Every structure is written in C-alpha cells, then in structure tokens.
Amino acid sequence: QVQRVESGGGLAQAGGSLTLSCAASGRTFTSCVTGWFRQAPGKGREFVAVINWTSGGTYYANSVKGRFTISRDNAKNTVYLQMNSLKPEDTAVYYCAARRYSGSYYYPHEYEYDYWGQGTQVTVSS
C-alpha cells in the first residue's frame, strides 16, 4: 500500500504558527481527496480540513476555520496545512489521509479514506 508521510510538527507557543506537509512515500499514487485529522490525548480522532486535489475546493472544521489553511502543490504531489494563531487546544497528533475517489461530498469521516500517514505531534504551550 502507498504510504503518506507527515512532517512539520513540533512545539509552538500560543499565537504562533506551524506548517504541516503530507507527501507520498514509495510508489506513485492518484488521490482525489486529501484530508487532515487530529487526535488529542484522551479524545477521539476528529476532522480538521479537506481539499479536493483537482478543483482545489476546501472545507474546514468549525474549530479551525479562519486559522488553518489547507493547500496543495501539484508538481510536488504534496498537501500542506498552514496553522496560524495556534491555541493549546490544537495540541494533538495530526494525521494526513488520502481518498481515491470523490463526488460533491467533503468526506469528514476517517472511515472514508484509503491511505493514512503515521501522524506528527503538534504541541502548543500556553
């Protein structure tokens, strides 16, 4: 199976910024949708943002809307998550996920994705 590799996680202060990257590892692949999810300690995995690879259309969870931006680089086959105005509540392991096919739906559920990365830790201090 094709793997996804996240990078860019680390420590940040409240109000700071971090940019996460999601790249393919190993074999080449085709993906219509790429999403970001996160899981905080003691909580379930939650949807963060999603982008349609072809159209560039995006959708965000209310908790990050206005602060986070998801984007893609077609040449590099990479998806990014720009996180601004970070809050301690953003602390979590962030996962990149890819889905092969798409319609008009935004796919905010983890079971709708085919490939997943290993996760990268983001910690925001107050």
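Not measured: the values here are computed from a predicted model.
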Of N52, V50, T54, which is the lone residue that meets side-chain contact (heavy atoms from CB on, under 4.5 Å) with S102?
N52
Taking Y105 as the starting point, is it possible to reach Y113 by hopping between hydrophobic residues whose side chains are less than 4.5 Å apart?
yes
To the nearest 0.5 Å, tell me how far C22 SG sits from I51 CD1.
11.5 Å
Nearest heavy-atom neighbours spanning S126 and P88:
CB-CG, 3.8 Å
Only one of E89, E46, E110 passes salt bridge (charged side-chain N to carboxylate O under 4.0 Å, His left out) with R38, and that residue is E46
Tell me whether the NZ or CZ atom of R45 lies within the 45° cone about the ring axis of Y95 and under 6.0 Å from its centre.
yes
Can you tell me how far OG1 of T91 sits from CG of L11, rounded to the nearest 0.5 angstrom?
9.0 Å
Tell me if the OH atom of Y101 is crowded by more than 12 foreign heavy atoms within 6.0 Å.
no
For side chain to side chain contact (heavy atoms under 4.5 Å, CB included), just list the numbers for V33 and W53, CA-CA rounded to whole Å, side-chain angles, deciding distance to a tenth of an Å, and then say yes or no.
CA-CA 6 Å; V33 176; W53 194 263; over 6 Å; no
Whether Y59 and Y106 hold their rings parallel, tilted or perpendicular, with breakpoints at 30° and 60°:
parallel
Distance only, no hydrogens: is a donor on one side chain within 3.5 Å (strictly under) of an acceptor on the other, for Y115 and R99?
no
Sub-6.0 Å ring centroid separation between Y60 and F47
no
What I want to check is whether the side chains of S17 and N84 have a donor and an acceptor closer together than 3.5 Å.
yes
If I take atom CD1 from residue I70 and atom OG1 from residue T34, how far apart are they, to the nearest 0.5 angstrom?
7.0 Å
Reported SG-to-CZ distance for the pair C96 and F37, which is rounded to 0.5 angstrom
10.0 Å
Roughly how far, to the nearest 0.5 Å, is the OG atom of S71 from the CG atom of L81?
8.5 Å
So do the side chains of L18 and L86 get within less than 4.5 Å of each other, counting heavy atoms only?
yes
Can Y80 be reached from M83 by stepping across I, L, V, M, F, W or Y side chains whose heavy atoms are under 4.5 Å apart?
no
Looking at side-chain heavy atoms only, is the closest gap between W116 and R4 below 4.5 Å?
no
Regarding S125 and Q13, do their side chains bring together a donor and an acceptor under 3.5 Å, going by distance alone?
no
Where the side chain of D90 meets the backbone of K87, is there a donor-acceptor pair that is under 3.5 Å apart?
yes
Could you give me the CA-CA distance, side-chain angles and deciding distance for L20 and Q82, then say whether side chain to side chain contact (heavy atoms under 4.5 Å, CB included) is met?
CA-CA 6 Å; L20 306 183; Q82 175 68 48; over 6 Å; no
Once rounded to the nearest 0.5 Å, what's the spacing between atom CH2 of W36 and atom CD of E6?
5.5 Å
Closest approach of K76 and T78, non-hydrogen atoms and distance?
O-OG1, 2.9 Å
